[in-house]
*Asks:* 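Here it is, the structure in full.
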Amino acid sequence: MIRIEPRNSTSRAFALGIPILSAVVSLALAAIPLMLAGANPIVAYGEMIKGVFGSVFSISEMLTRATPLIFTGLAAALAFRAKLWNIGAEGQLYLGAMAAVAVGSGAFDVPGIILIPLIILLGAAAGAAGMAAPTYLKIRFGADEVVTTLLLNFIILIFLQMMLEGPLQDPMGLGWPQSAPVLDQGMLPPLVDRMRIHSGLIIALVAAGIAQFMLARSVWGFKLRAVGENAAAARHAGINVNRSLFGVAIISGGLAGLAGASEVAGLKGYLTADLSPGFGYTGIVVAMLAGLSPVGVVIAALFIASVFVGADSMSRAMGVSSFLADLVVSMSLLCVLVGGFVAKYRIIRADTGKAAR
Amino acid sequence: MPEQVLSLNGLSKRFGSVVANDDVSLTLRRGEVLALLGENGAGKTTLMNMLFGHYLPDAGTIDVSDEAGRMRPLQLGHPQAALAAGIGMVHQHFTLAENISALDNITLGSEPLLALRRDRKAARAKIEGIIEKSGLKAPLSIPVGRLSVGERQRVEILKALYRDARVLVLDEPTAVLTPQEADTLFENIKAMTNEGLSVIFISHKLREVLAFSDRIAVLRHGVKVGELETSAADEKAIARMMVGAETPKVSRERMAAGAPVMQLKGVSVVGRSKRDTLQCVDLEVRAHEILGIAGISGNGQNALAQVISGLAVPTAGAIHIVDSEISKPTPQAMVSAGVGRIPEDRHREGIVGAMTVAENMVIERLGDMQVQSRGLLRRDAIQSNAKKLAKEYDVRGPGVTAPSRLLSGGNIQKLILARVFEHAPKLILANQPTRGLDMGAAAEVGRRLLEARERGAGVVLISEDLDEILGLADRIVVIRDGQLTETESHDRERIGLMMAGEAA
Amino acid sequence: AEKIKVAAIYTLPVEQQWISRIHKALNTAAERGDIEYAFSENVANTDYERVMREYAEQGMQLIVGEVFGLERAARKVAKDYPETAFLMGSSFGPVAPNFSVFDNWIHEPSYLSGMVAGAATESNVIGMVGGYAIPEVNRLMHAFMDGARETNPDVKFIVNFIDSWYDPPKAKESAFAMMDAGADIMYAERFGVSDAAVERGVKAIGNVIDTSGDYPGTIMASALWHMEATIDKAIANVAGGSFEAADYGQYSFMAYGGGSLVLDESLVSADVVSAVKAKETEILDGLFRVNVNDDRPVSDN
Amino acid sequence: MMDILNILLSESFWAASLRIATPLIFGVLGALICERAGVLNLGIEGIFVVGAMCGWMAVWLGAGLWGGVLIAALAGGFFGLLHAILTVPLGLSQHVSGLGITLFATSVSYFSYRTALPNVSSPPRITPFQPLDLPILSDLPFLGSVLFQQTALTWLALLMVGVVWYVMNRTALGVAIQAVGDNPDSVDAQGLSVYALRMGAIVAGSALMALGGAFLTMSAFDAFFFGMVNGRGWVCIALVIFASWRPGKALFGALLFGAFDALQVRLQTEMGALVPGQVFLMAPYILSIIALVIAARSADYPRALLTPWFKGQR
Ligand SMILES: Nc1ncnc2c1ncn2[C@@H]1O[C@H](COP(=O)(O)OP(=O)(O)OP(=O)(O)O)[C@@H](O)[C@H]1O
Ligand SMILES: Nc1ncnc2c1ncn2[C@@H]1O[C@H](COP(=O)(O)OP(=O)(O)OP(=O)(O)O)[C@@H](O)[C@H]1O
Ligand SMILES: [Mg+2]
Ligand SMILES: [Mg+2]
């Protein structure tokens with residue numbers, strides 16, 4: 001008979017060792033598909049590390065990929081803290097991106113000092129609106145937000161296609177369903193010359209810092225935590241639960257919108273329907289890995305981005321199918337998940353027969 | 001001397017650093033009713049959970065008699081083994097699935113899971129037989145979620161009897177029952193003991209312990225501190241055994257009522273069920289008085305409590321607190337108007353378990369300058385306030401920065417008392433304030449309520465424990481079907497009948 | 001000669017019709033021993049630029065791909081690696097010194113296949129199921145429609161886009177709906193359409209790839225794209241050190257063997273075959289130019 | 001308006017609705033079983049992919065159609081077991097585990113497909129399930145073409161609705177599954193294993209989900225494509241709430257969605273020139289949300305959904 005008990009105390013070495021052990025185990029597991037595909041795992045691991053940390057370029061690439069994940073991770077983490085299950089960050093990301101190109105690609109030809117804040121604000125506002133609607137339906141009609149936000153992802157993606165073939169289409173784009181580019185002065189400044197890493201990362205980090213601080217130290221965060229942990233008690237204590245939910249919905253949607261705005265105005269320059277390879281969904285994973293802590297989101301996003309970029313680059317160096325990258329990411333995700341469990345609980349074999357006599 | 005049916009031998013169990021049971025031994029005889037007493041957290045439930053196989057003891061063994069009366073060791077840690085050995089347990093908290101019928105709850109686990117058909121007829125016949133013998137009536141076909149607490153309690157017992165229990169464990173079975181319901185329950189159980197059923201029951205109500213048990217065992221801090229025949233016991237002796245000291249008797253002095261602090265005029269609430277409905281109710285509470293609301297659960301107490309707490313908006317009528325009308329009742333508005341509220345379900349509505357004791361102490365007053373400035377929490381002030389209150393109200397536990405869910409029930413209640421009484425409310429709503437509390441903790445609540453009354457507050461005390469109302473209230477109002485009837489009488493029998501709707 | 005190191009970067013899996021043609025041409029070259037071929041498929045747009053740079057850093061001599069989603073960024077990468085030759089599917093022009101472009105310019109055979117369809121329809125309704133309304137698709141659809149109108153001025157078209165590259169069941173349902181609305185010839189831009197045609201016993205026209213083997217008796221004609229001409233030309237240029245920025249689009253024209261029409265003569269009447277052949281000659285001789293129209297096609301009402 | 005009426009009255013529209021609904025029926029039933037037992041299974045989208053890939057691959061390798069169905073179910077059950085281990089005894093976040101399973105199952109399928117078939121330019125095809133052309137029944141006026149020209153897998157889906165209903169409402173196992181999703185303690189106190197019930201339900205539910213995927217490659221189409229599941233799994237997660245966790249309503253919800261989708265293509269065909277095509281593509285999702293808003297009040301969640309349960313802890 002197996003029983004699970006919380007660990008009473010965890011030593012520092014143990015707490016540090018577990019994540020490392022999880023990473024090692026996930027790498028060991030990755031050897032299986034590698035060998036199936038006929039590659040030498042040891043060489044592959046070397047290539048993987050080189051792919052993330054081998055050069056300034058690779059580090060910059062990793063950070064570039066982590067940037068939207070920090071935003072969507074925060075979006076999920078904050079909403080989930082209030083038990084508002086926002087599965088719609090993917091759609092909200094696109095709403096933010098649409099708003100960013102709608103204002104940024106020539107509608108207002110103003111200096112960057114005005115245009116950049118405008119893009120960021122409207123991007124966030126559009127994302128916020130995308131989460132406000134399902135939250136309203138939840139509060140007013142009791143419509144489950146998991147479903148509405150999930151379905152909205154599809155609706156928004158189709159809507160995006162419609163916009164890109166209609167009002168948002170670039171007249172100079174030779175008919176491609178893509179938006180006009182964001183004006184040069186509207187682009188978020190790059191952080192390193194000739195690299196893709198851009199100041200969206202700074203915004204993301206600042207957002208994480210603010211979220212961490214507000215959650216722990218502000219009345220707003222207090223209410224949010226109370227609503228999430230026990231809405232009935234929060235309501236009884238005089239906290240306006242609906243207002244709290246609505247507030248966090250706006251912020252969560254806004255962060256997801258920022259992810260889209262930052263991808264468009266920081267990286268791509270214009271909008272296509274394949275802007276995000278599922279950043280919204282990965283954000284949920286990031287948030288949960290982080291234990292819904294904003295600072296944890298940064299770490300988890302860096303982790304996921306490193307594994308992906310590393311495995312992706314390794315698949316090329318080793319000449320195995322590039323689907324390997326997602327496979328390695330998913331395996332490390334599951335390993336880290338189990339690792340987190342091992343850190344908190346221990347599994348004991350309780351031999352009941354012996355206890356009986 | 002009747003034969004033994006059960007013996008617990010040297011059972012120990014620890015949870016982390018908490019020693020919940022330390023070398024506890026206990027025997028039970030055929031046809032006997034054993035009362036297991038102890039303060040909150042003394043380890044009563046833990047002991048029974050080991051008996052039933054929910055918990056695996058760290059040390060010790062259990063022997064149960066088989067059909068033939070021979071004692072055999074029980075396989076530990078397996079509810080199936082306990083059930084098979086004829087042990088039935090009614091848990092402190094209901095273990096019923098609310099989305100299936102009572103019949104399904106009762107038969108759950110007794111039928112082969114992979115069978116393609118169920119013999120519901122036979123099951124129903126067997127249950128009806130048990131109902132007839134035991135008098136424990138409950139509707140069998142509708143989902144349990146729609147049953148009243150009393151009915152659920154009876155379904156719990158039926159579950160155990162259906163499995164042919166020879167030893168029945170009842171963990172605080174009457175905590176949620178009215179006196180009449182409790183009496184009926186015990187009479188039914190008594191009748192069954194005559195046919196050989198043995199019973200261990202846990203209760204904080206000494207009245208029923210003295211009236212219905214044959215023998216008493218007392219736990220303190222996980223250790224068995226005493227065992228005595230009920231015939232040789234009295235309240236004082238038991239209390240001393242449980243607490244290790246005398247408990248002060250709560251005494252109440254006569255006092256002239258003052259000006260009204262709350263008036264409900266023609267208040268109606270339309271709810272989904274009876275418990276959420278009020279029909280054009282008038283009620284006045286004055287300073288220096290405790291108003292007791294007696295009634296069988298589910299007769300509108302919930303609606304009344306919700307109105308006073310600001311959680312329900314009446315469909316008609318007016319609410320006055322002191323002199324001003326509350327036009328838009330919200331919890332916030334009520335707190336600001338000087339209403340202190342002790343909710344019925346302290347775990348569900350009273351505290352946010354994951355947040356710290358200190359945070360829970362300020363949760364109703366997030367707007368205060370002592371709590372926040374410019375939207376940021378003043379953490380030092382919050383903490384020192386909590387430390388002060390914890391000391392003053394004797395909130396014991398792992399400290400004010402620990403999550404409040406780690407506190408015991410009694411201490412959670414003290415936390416809520418501290419939060420409420422600290423701000424000298426003019427009106428106090430106390431909804432089932434001592435439910436599930438041990439004598440010491442319950443006495444403390446009573447003392448605080450009387451203190452507030454003395455200070456000049458008005459108190460609305462909603463309780464299903466008639467003894468509590470009789471002990472504390474200046475005036476008594478009976479609630480039935482969402483309507484209130486005031487009574488001059490302080491007579492148990494008479495009020496009980498009014499609650500049942502059989503006398504005016 | 002030394003093998004040339006070629007890498008391809010695709011945004012979709014290599015089974016996608018369009019990409020499969022490039023993949024096939026590169027595989028052929030690799031089998032011939034001309035090149036060493038590596039590829040990454042299903043590369044998200046966000047990652048595309050990184051992959052380009054990685055291959056360039058690895059010392060690939062020729063990088064092939066499609067940059068419809070990242071025209072600007074791709075040109076920036078090319079500028080950073082002037083020693084590497086880039087041959088990219090693109091709607092825009094080449095950039096000196098090393099960024100060349102191509103596209104699937106098979107509007108000519110599409111026109112011819114349209115002639116077959118126009119002549120074959122009895123209900124005068126032709127159904128067209130597309131993935132996304134992008135210029136590459138629209139262009140071929142318009143050429144097809146022009147061809148059909150030439151042989152049958154009364155023909156009407158119904159057009160649906162399913163907004164997905166890969167959902168054959170959905171494409172199939174779309175095709176069924178069109179047949180319910182009277183279409184008796186299907187233009188099979190997506191997988192799934194021909195399957196619907198087979199089930200209902202109507203005829204279909206193929207596009208880009210030749211699927212007549214999979215649907216015998218159903219595919220009347222297909223407009224095929226052959227990337228070999230383009231790829232081989234680029235490889236030769238790289239090998240000869242003469243690769244420069246150019247528009248390789250013309251190598252998809254019929255004149256270069258980049259596009260062709262296949263007919264199932266058992267399904268097409270002889271006079272139609274000869275009309276098509278005549279038109280084909282006209283095109284090859286430069287006497288007839290198929291119109292290019294990149295707008296989203298819409299149903300006739 | 002006439003057009004819509006004509007469409008609604010046509011046999012082929014209803015046949016299409018049922019066809020489109022079939023994978024959803026499997027998926028919703030699978031999700032229903034998992035959630036009835038108290039566990040959300042967001043692995044559904046990936047399990048669809050696995051079912052589609054394995055079923056097809058098995059047939060391609062010569063297993064026979066029903067062999068393929070069995071293998072798809074086993075593969076789905078395997079990933080279900082993984083989810084079950086992570087979420088039941090280990091009690092890990094059902095959201096993350098589910099999304100992790102989706103990512104894992106999808107990438108395993110894609111990676112192994114590509115590793116097995118490195119050099120295909122056109123995906124290999126199998127001979128899929130054919131419509132059950134039953135002699136007399138198929139010639140019945142309306143029902144004939146709607147019902148009796150479907151493939152065996154559609155029939156299996158309809159049969160499963162009945163089976164799941166029967167098991168849930170008429171057997172001890174079903175009652176226990178409902179109970180464990182409402183209050184695990186109720187099951188534990190009666191001597192049943194919460195772990196076994198929940199894990200069993202997840203494995204069985206996942207096996208059903210995989211059949212939804214298998215339908216795509218073995219009946220709706222005859223080859224496997226990357227990305228062909230295209231969000232169908234997620235739609236099931238939505239539909240199960242719409243269905244209030246009841247098999248009958250699940251069938252209704254899936255059919256409703258299928259009908260919206262079938263109507264959508266037809267309307268796009270008829271009126272595509274007037275409105276952007278995307279308006280129609282959006283319709284099924286928008287109508288689902290509207291339906292949900294209307295049905296929301298009556299939805300009663302399995303109370304223990306998302307809450308892990310540990311033996312011997314409170
Ligand atoms: N599963 C558990 N995990 C951790 N601590 C536990 C657990 N169960 C009980 N305890 C602790 O063991 C001690 C004894 O608890 P127990 O529930 O047995 O008390 P009790 O006598 O039944 O109290 P009450 O009268 O309040 O029901 C308490 O300190 C309690 O907090
Ligand atoms: N195994 C059985 N044998 C005989 N009668 C049964 C059995 N199971 C249920 N019944 C009876 O059938 C009727 C309907 O059953 P049940 O309540 O399970 O379904 P329902 O709630 O009406 O359906 P659903 O849950 O699908 O909405 C009830 O009267 C119930 O007592
Ligand atoms: Mg207890
Ligand atoms: Mg039912």
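Excluded from the calculations below are hydrogen atoms, water molecules and symmetry mates; all remaining heavy atoms, backbone and side chain alike, are included. Computed from a predicted structure; not experimentally measured. Residue numbers begin at 1 in each chain, while the letters A, B, ... track the order of the sequences.
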*Asks:* So, A:Asn240 side chain and A:Arg243 main chain: donor-acceptor pair closer than 3.5 Å or not?
*Replies:* yes

*Asks:* At a heavy-atom separation under 4.5 Å, does B:Ser309 approach chain A through its side chain, its backbone, both, or neither?
*Replies:* side chain

*Asks:* Select one option (side chain, backbone, both, neither) describing which atoms of B:Arg341 are under 4.5 Å from chain A's heavy atoms.
*Replies:* both

*Asks:* Please identify which of these residues, A:Ile250, A:Val227, A:Leu224, meets the side-chain contact (heavy atoms from CB on, under 4.5 Å) condition with A:Leu245.
*Replies:* A:Val227

*Asks:* Among B:Gln332, B:Glu364, B:Glu359, which has the most heavy-atom pairs under 4.5 Å with chain A?
*Replies:* B:Glu359

*Asks:* So what's closer than 4.5 Å to chain A heavy atoms on B:Ile351: side chain, backbone, both or neither?
*Replies:* backbone

*Asks:* Would you mind telling me which of A:Gly228, A:Ala234, A:Ala226 has the largest number of heavy-atom pairs within less than 4.5 Å of chain B?
*Replies:* A:Ala226

*Asks:* Is it the backbone or the side chain of B:Arg379 that comes under 4.5 Å from a heavy atom of chain A, or both, or neither?
*Replies:* side chain

*Asks:* Is B:Arg72 reaching over with its side chain to a backbone N or O of B:Asp63, donor-acceptor style, under 3.5 angstrom?
*Replies:* no

*Asks:* Looking only at side-chain N and O atoms, does B:Ser25 offer a donor or acceptor that is under 3.5 Å from a partner on B:Asn9?
*Replies:* no

*Asks:* Any salt bridge between A:Arg235 and B:Glu349, counting N to O under 4.0 Å?
*Replies:* no

*Asks:* When heavy-atom pairs shorter than 4.5 Å are enumerated against chain B, which of A:Ala231, A:Ser218, A:Ala232, A:Gly221 gives the highest number?
*Replies:* A:Ser218

*Asks:* Do B:Ser12 and B:Asn21 pair up side chain to side chain, a donor and an acceptor below 3.5 Å, judged on atom types alone?
*Replies:* no

*Asks:* Name the member of B:Arg365, B:Arg346, B:Met355, B:Arg374 that forms the most heavy-atom pairs with chain A at distances under 4.5 Å.
*Replies:* B:Met355

